[in-house]
Amino acid sequence: MESLFFFIFSGLAILSAGFVVLSKNAIHSVVALIFCFFNASALFLMLGAEFLAIILILIYVGAVMVLFMFVLMMMEVNFEKLREGFMQYLPLGLMISLILLMEFAAAAASNIFVAVTHKTDPKTGEFILDEVTKNIIPKAEPLTAQVNNAAEIGKVLYTQYMFAFEVAALILLVALIGAVVLTLRTRKDVKYQSIPKQVRASKADRLRKASL
Amino acid sequence: MQYTLENLVIYPLIPEMFIALMAMFILLLDVFLTDAKKKLVPALSILTLLTAMIISFCAVGDAPVSAFFNYVIQDSFAAFSKGLICAAGIFTIVMSQRYMKGESHLGEYYVLILFSILGMMLMVSANNFLSMYLGMELMALSVYVLVGYQRDMLRSSEAALKYFVLGSLASCMLLYGVTFLYGVSGSLHFSDVAKALSHHEAQTSMAVLTGLVFIMAGFAFKVSMAPFHMWTPDTYEGAPTPITAFMSVAPKVAGFVLFIRVLHDALAPMLNEYVTILSVLAVLSMIIGNLAAIAQRSIKRMLAYSTVGHVGFILLGVISATEEGYTAVLFYMLIYLFMTMGVFSVLLLMRRDGLKGELLDDFAGLIHVHKGYAIAMVLLMFSMAGIPFLGGFWAKFYVFMSAFNAGYTQLALIGLLFSAIGAFYYIRVIKYVLFDSEREAFNPLSDKPLQAVLVLCTLFVLVSGFFPDPLIKVCQAALVGFI
């Protein structure tokens with residue numbers, strides 16, 4: 001029963017991901033991507049990672065994809081023009097993707113990905129690596145009901161990954177500054193109302209005594 | 001290691017934290033400053049960088065100290081490169097004074113420079129793939145914005161967009177490569193990855209090789225090795241000139257230091273594999289950089305290709321993977337910093353009414369107009385070409401020697417050949433400067449800070465040419481604790 005659901009969700013995720021790339025209409029692509037995210041979040045739910053599942057929907061579907069929609073609808077992107085030269089680049093692109101596909105298949109078949117969960121010392125949480133064990137494919141198991149997802153994530157996020165967390169915050173700050181700097185412009189040809197200027201205005205600035 | 005407060009060492013990162021706090025403080029301060037007092041912002045930024053540089057030199061002991069649960073490491077190798085990066089930042093801020101005059105939102109310009117330097121400092125201190133990636137992104141995001149700072153110029157926006165798209169692609173590749181190594185080792189720490197890779201099965205497996213190739217490609221993008229250099233000429237040409245100078249030095253230093261750290265700490269068991277890849281990249285960089293530069297008319301594009309060529313030479317030191325090789329790399333970057341900053345300050349001084357001083361023709365007959373600039377330019381160009389006895393000569397000499405001593409004789413010979421070919425386009429600039437007649441009415445600027453940078457850089461190149469030994473000693477000392 002569980003594997004049936006797994007195949008349904010992952011199959012739909014792959015199909016919708018394919019649709020994202022192949023669809024001619026950009027809006028359809030975004031909708032397919034949203035559908036893909038829903039399927040991925042269902043997979044998370046099946047693993048008992050309800051916090052990640054909800055976060056995925058809230059952030060990606062609720063915020064990022066809506067923004068995508070906005071951008072696509074606000075800007076008139078000429079997709080016909082983007083598609084120019086498609087046939088010209090097709091052979092090269094196909095060749096590269098085929099090579100990559102073969103590489104990935106070979107990499108996946110090399111069977112040396114070890115299960116991370118089996119490799120940490122339960123007491124100290126320290127990483128131990130005795131020998132590269134072959135043929136252990138990480139087994140994803142549903143978490144038990146006792147495990148509180150959000151609390152567990154919080155525990156590692158603010159301890160082990162503290163440095164990464166802080167630097168990520170700085171990166172967001174830079175992104176914010178960058179976005180403002182690159183888009184904020186005061187246009188000379190438009191009349192603005194400047195409230196500070198209005199407040200600061202005094203009699204001396206405006207009133208002039210003229211002797212007649 | 002348990003994740004407790006006692007184990008959380010933060011003091012090695014004081015310079016970085018200082019820069020981060022000061023950058024945010026300056027960001028706020030800028031809002032409250034009146035236009036007349038805006039000069040305070042660059043001054044404060046320079047002061048911040050100087051202080052951070054001094055702190056990072058003081059904070060370093062003999063043994064490497066790791067901080068934040070082993071996510072970052074502070075050793076003399078990192079401190080030396082932080083010094084180089086901060087110096088590049090200070091030069092850039094000084095050079096920006098006149099160039100950026102009249103642009104809006106100048107406060108943020110300096111804040112972004114500070115943030116990009118912060119990113120680079122985190123890069124050179126990274127001891128974990130996660131901190132490496134975050135440092136890189138912090139640097140890259142700030143530099144993307146800096147490249148596109150002159151929004152009204154189409155070229156600037158085009159350069160920024162190109163850099164952004166290709167840079168993001170490079171980040172993706174790097175990250176993808178890291179995932180393979182993570183899959184194999186189950187850890188993101190460099191030392192754990194090295195431990196996992198020391199097993200024979202891991203070394204020969206396709207997964208590790210794929211990861212290695214992707215990581216190499218990502219780094220190659222970041223430090224503009226051929227054939228991943230496509231963005232370099234366009235971005236260099238379109239970016240504001242001080243930022244071009246900044247980009248051709250600081251991210252390269254950070255990139256190479258990080259690259260060496262990854263290769264030495266994490267990928268050392270894969271030495272044979274990565275040397276093969278890097279040899280191809282080095283030869284391509286030397287060929288493409290030095291040959292394509294000949295065809296350029298714009299001096300910024302020429303310098304972009306020359307960077308690619310220099311990156312090829314620096315790679316020889318990385319390939320030798322010996323103490324001698326890494327010393328040569330550090331020495332090369334030290335000299336390269338001063339050479340490049342010097343050349344760009346001449347470029348900025350040539351900028352005059354309407355003319356950008358960016359074409360080779362603009363330099364024609366410089367000697368008849370301003371002897372000082374001409375002499376400096378000649379010295380810097382000779383140094384770039386590697387003419388004895390100037391700093392650039394010793395830089396190349398040590399790199400070639402290290403490759404030769406490590407047994408890569410062919411690579412050293414190819415390097416020699418292309419260094420000779422590359423000398424052509426540097427000497428062509430000298431020909432323009434010295435022997436051509438004046439084509440445009442010159443009106444060279446006299447800008448005291450810029451001239452000071454130029455004099456400093458030229459003197460450094462000159463003095464280091466005659467007395468390279470103390471500098472080599474410094475570079476050797478920087479590697480103590482790393483190797």
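Every chain is numbered from 1 and lettered A, B, ... according to where its sequence line falls, protein lines coming before strand lines.
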With side chains defined as the heavy atoms from C-beta onward, is the minimum distance between [X] and [Y] less than 4.5 Å?
X        : Y        : answer
B:Val124 : B:Leu258 : no
B:Val208 : B:Glu273 : no
B:Ile73  : B:Asp265 : no
B:Leu33  : B:Val41  : yes
B:Thr235 : B:Leu166 : no

Considering only heavy atoms, give the residues of residues 108-116 of chain B separated from chain A by less than 4.5 Å, sorted numerically, with 'none' for an empty result. B:Glu108, B:Val111, B:Leu112, B:Phe115

Should A:Ile27 and A:Met73 be marked as a side chain to side chain contact (heavy atoms under 4.5 Å, CB included) after you check the CA-CA gap, both sets of side-chain angles, and the distance that decides it? CA-CA 8 Å; A:Ile27 302 289; A:Met73 288 178 171; 3.9 Å; yes

Under 4.5 Å from any heavy atom of chain B, what part of A:Leu182 do you find: side chain, backbone, both or neither?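 Looking at A:Leu182, backbone and side chain both touch chain B.
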
Chain A contacts, top residue of B:Leu118, B:Leu138, B:Leu13 (heavy-atom pairs, under 4.5 Å):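 Most heavy-atom pairs within the cutoff with chain A belong to B:Leu138.
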
Under 4.5 Å from any heavy atom of chain A - which part of [X]:
X        : value
B:Leu134 : both
B:Leu5   : neither
B:Ile10  : neither

Measure the acute angle between the ring planes of B:Tyr144 and B:Phe164, then classify it against the limits of 30° and 60° as parallel, tilted or perpendicular. perpendicular

With a 4.5 Å heavy-atom cut-off (strictly below), which parts of residues 151-167 of chain A touch chain B? List them by number.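 Counting heavy atoms that sit under 4.5 Å from chain B, the residues of residues 151-167 of chain A involved are A:Thr159, A:Gln160, A:Tyr161, A:Met162, A:Phe163, A:Ala164, A:Val167.
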
Sequence neighbours left out, what pairs pass side chain to side chain donor-acceptor pair (under 3.5 Å) with at least one residue falling in residues 126-140 of chain B? B:Asn70-B:Asn127, B:Asn128-B:His189, B:Glu137-B:Ser171

For B:Asp152, check salt bridge (Lys or Arg N to Asp or Glu O under 4.0 Å) against everything at least two apart and list the hits.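 Scan of B:Asp152 (salt bridge (Lys or Arg N to Asp or Glu O under 4.0 Å), adjacent residues dropped) gives A:Arg185.
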
So does [X] have more than 12 non-hydrogen atoms from other groups sitting under 6.0 Å from [atom1]?
X        : atom1 : result
B:Phe18  : CZ    : yes
A:Phe9   : CZ    : yes
B:Leu154 : CG    : no

